[in-house]
Amino acid sequence: MRVIGIESSCDETGVAIYDSNKGLMADLLYSQIELHKAYGGVVPELASRDHIRKTLPMIDQALAESHSTRNQIDAIAYTAGPGLVGALLVGASIAKSLAFAWDIPAIGVHHMEGHLLASMLSEAPPEYPFIALLVSGGHTQLLACHGLGQYELLGESLDDAAGEAFDKVAKMLGLPYPGGPQIARLALNGDSSRFRFPRPMTDRPGLDFSFSGLKTYTMNTLNDIPAPTTQDKSDIALAFQTAVVDTIRIKCQRAINQTGLSRLVLAGGVSANLALRDRLHELGNKHRVEIYYPELKLCTDNGAMIAYAGLQRLLHNHTEDLSIAVRPRWPMTELN
């Protein structure tokens, strides 16, 4: 079976074609970073308009690159949420329109389930059950995953997600959007002995996260330096990144101890952070836990994960009508 995947939840347009026998046949991604950089973050209206311009030409290109005709497409998967409502409506409208014209199913996919299943596109995918750490600009969650759609929420961020905190701290340091890669790059020259930032909510039981206080601590540290130099900013970037990574590592260890599961899947945009991967590898080696994550290009938003998740839903007889409805807020625990 062959499925087109459309990702349009935020500031990247992704279109891919996945075949159950041949694997990933086309994978296209257009980033809007340059469009939003001048504003220091995503402007929803501009994002929606850009998705309108890019999606259909990218579908044509994906069909051409995969040597596919519309008669060979069995379904169209699209991101139905969570995300920016206008951006989601663009992908949903195009998917439902093509599904009607081509007389095939359209399948709404949960954005974070797409990220979770991106690790299944690797050569050695994980087997259920496992713990999933989903870390992105909008989400920081720990889930116990027992099967497709069988997700138990263990803990989540009570305020800023990790990726959101990275973006906001980057802005404090005068770094361009998006902030995560910029913080990681600046931290390479930092002095780890200079600052030690708090590891929020690790002094109490539970698996929830909170990065708002850490963000404020970072701002206060920066404000205490009259004229911060590049080295000052590097030291602060390293202290902030280390605090976030340590906090996530501590919570992952607790989740492993609590569930007894021995596989950990890392997914979402922040999963591309090499410091986080290194710390979780140390955790895996120490506790004999297998660590899985997608290749770097599949960590950010992409059409491949939506196409693959849509195929899995199709194989499990997922059906929906042609009405256009999206869910800007959509807890993963409401999936089935």
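Model, not experiment: these values are computed from the prediction. Any value given below was found using the heavy atoms of this structure, including those in side chains, with hydrogens, waters and symmetry copies removed.
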Step-by-step ring-ring contact (aromatic ring centres under 6.0 Å, His included) determination, F240 to F195: CA-CA 9 Å; F240 169 77; F195 298 113; over 10 Å; no

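- By the 4.5 Å heavy-atom criterion applied to side chains, L117 and M305 are not counted as neighbours.
- We find the CG-OG distance between L88 and S8 to be 6.0 Å, quoted to the nearest 0.5 Å.
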Step-by-step side-chain contact (heavy atoms from CB on, under 4.5 Å) determination, Y18 to R2: CA-CA 6 Å; Y18 189 89; R2 194 169 296 183; over 6 Å; no

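- Between the side chains of N273 and Q241, a donor-acceptor pair is found at a separation under 3.5 Å.
- By the neighbour-count criterion of 12 heavy atoms within 6.0 Å, atom OH of Y128 is densely surrounded, having more than that number from other residues, nucleotides or ligands.
- Listed for the Q141 side chain is no donor-acceptor partner under 3.5 Å among the backbone atoms of M332.
- Judged by distance alone, the side chain of R254 and the main-chain N or O of T202 form a donor-acceptor pair under 3.5 Å.
- Around CZ of R194, the count of heavy atoms belonging to other residues, nucleotides or ligands within 6.0 Å exceeds 12.
- Counting heavy atoms from C-beta on, the side chains of E12 and T300 come closer than 4.5 Å.
- Looking at every heavy atom in both residues, H318 comes nearest to E320 through NE2-OE1, 3.1 Å.
- Atom CD1 of residue I73 and atom OG of residue S68 lie 5.0 Å apart, to the nearest 0.5 angstrom.
- In R279, the CZ atom is crowded: over 12 heavy atoms of neighbouring residues, nucleotides or ligands sit closer than 6.0 Å.
- Here E127 pairs with nothing under the salt bridge (charged side-chain N to carboxylate O under 4.0 Å, His left out) rule; sequence neighbours left out.
- T79 and H111 share no side-chain donor-acceptor pair at under 3.5 Å.
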Residue pair D27, L298: steps toward the side-chain contact (heavy atoms from CB on, under 4.5 Å) verdict: CA-CA 10 Å; D27 183 18; L298 296 179; 4.0 Å; yes

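- Judged by distance alone, with hydrogens and angles left aside, the side-chain atoms of D208 form a donor-acceptor pair with the main-chain N or O of E156 at under 3.5 Å.
- A donor-acceptor pair under 3.5 Å links the side-chain atoms of K96 to the main chain of S323, judged by distance alone.
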Trace of the side-chain contact (heavy atoms from CB on, under 4.5 Å) decision for E164 with D159: CA-CA 10 Å; E164 185 180 4; D159 39 59; over 6 Å; no

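- In terms of modelled atom types and a separation under 3.5 Å, the side chain of D60 and the main chain of M58 share no donor-acceptor contact.
- Defined by atom type and a distance below 3.5 Å, a donor-acceptor pair is missing between the side-chain atoms of N257 and H287.
- A salt bridge does not link R249 to E282: none of the charged side-chain nitrogens sits closer than 4.0 Å to a carboxylate oxygen.
- Of the N and O atoms on the side chains of T69 and N71, not one donor lies less than 3.5 Å from an acceptor on the other residue.
- A donor-acceptor contact under 3.5 angstrom links the side chains of D232 and T229, judged on distance only.
- Looking only at distances, a side-chain donor or acceptor of N285 sits under 3.5 Å from a matching main-chain atom of H281.
- I306 contributes atom CD1, which lies 10.0 Å from atom CD1 of I6 (distance to the nearest 0.5 angstrom).
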Pair L266-L280, side-chain contact (heavy atoms from CB on, under 4.5 Å): steps then yes or no: CA-CA 9 Å; L266 179 61; L280 292 182; 3.9 Å; yes

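- A donor-acceptor pair under 3.5 Å links the side-chain atoms of T216 to the main chain of S212, judged by distance alone.
- A donor atom on one side chain and an acceptor atom on the other are not found under 3.5 Å apart for Y30 and D11.
- Listed for the S122 side chain is a donor-acceptor partner under 3.5 Å among the backbone atoms of S119.
- Applying the salt bridge (charged side-chain N to carboxylate O under 4.0 Å, His left out) test to residues at least two apart or on different chains, none of the pairs has a partner in residues 128-151.
- In this structure, the side chain of T140 engages the main chain of A162 through a donor-acceptor pair within 3.5 Å.
- The distance from atom CD1 of I59 to atom CG of L98, rounded to the nearest 0.5 Å, is 5.0 Å.
- Listed for the S271 side chain is a donor-acceptor partner under 3.5 Å among the backbone atoms of G268.
- Remark: R277 qualifies as a cation-pi partner of Y293 under the 6.0 Å distance and 45° angle criteria applied to the six-membered ring.
- For D103, the CG atom is loosely surrounded, since the number of other residues' heavy atoms within 6.0 Å does not exceed 12.
- Partner of T13 under the side chain to side chain donor-acceptor pair (under 3.5 Å) criterion, chosen from K54, E7, H51: H51.
- A side-chain donor-acceptor contact under 3.5 Å links Y151 and E113.
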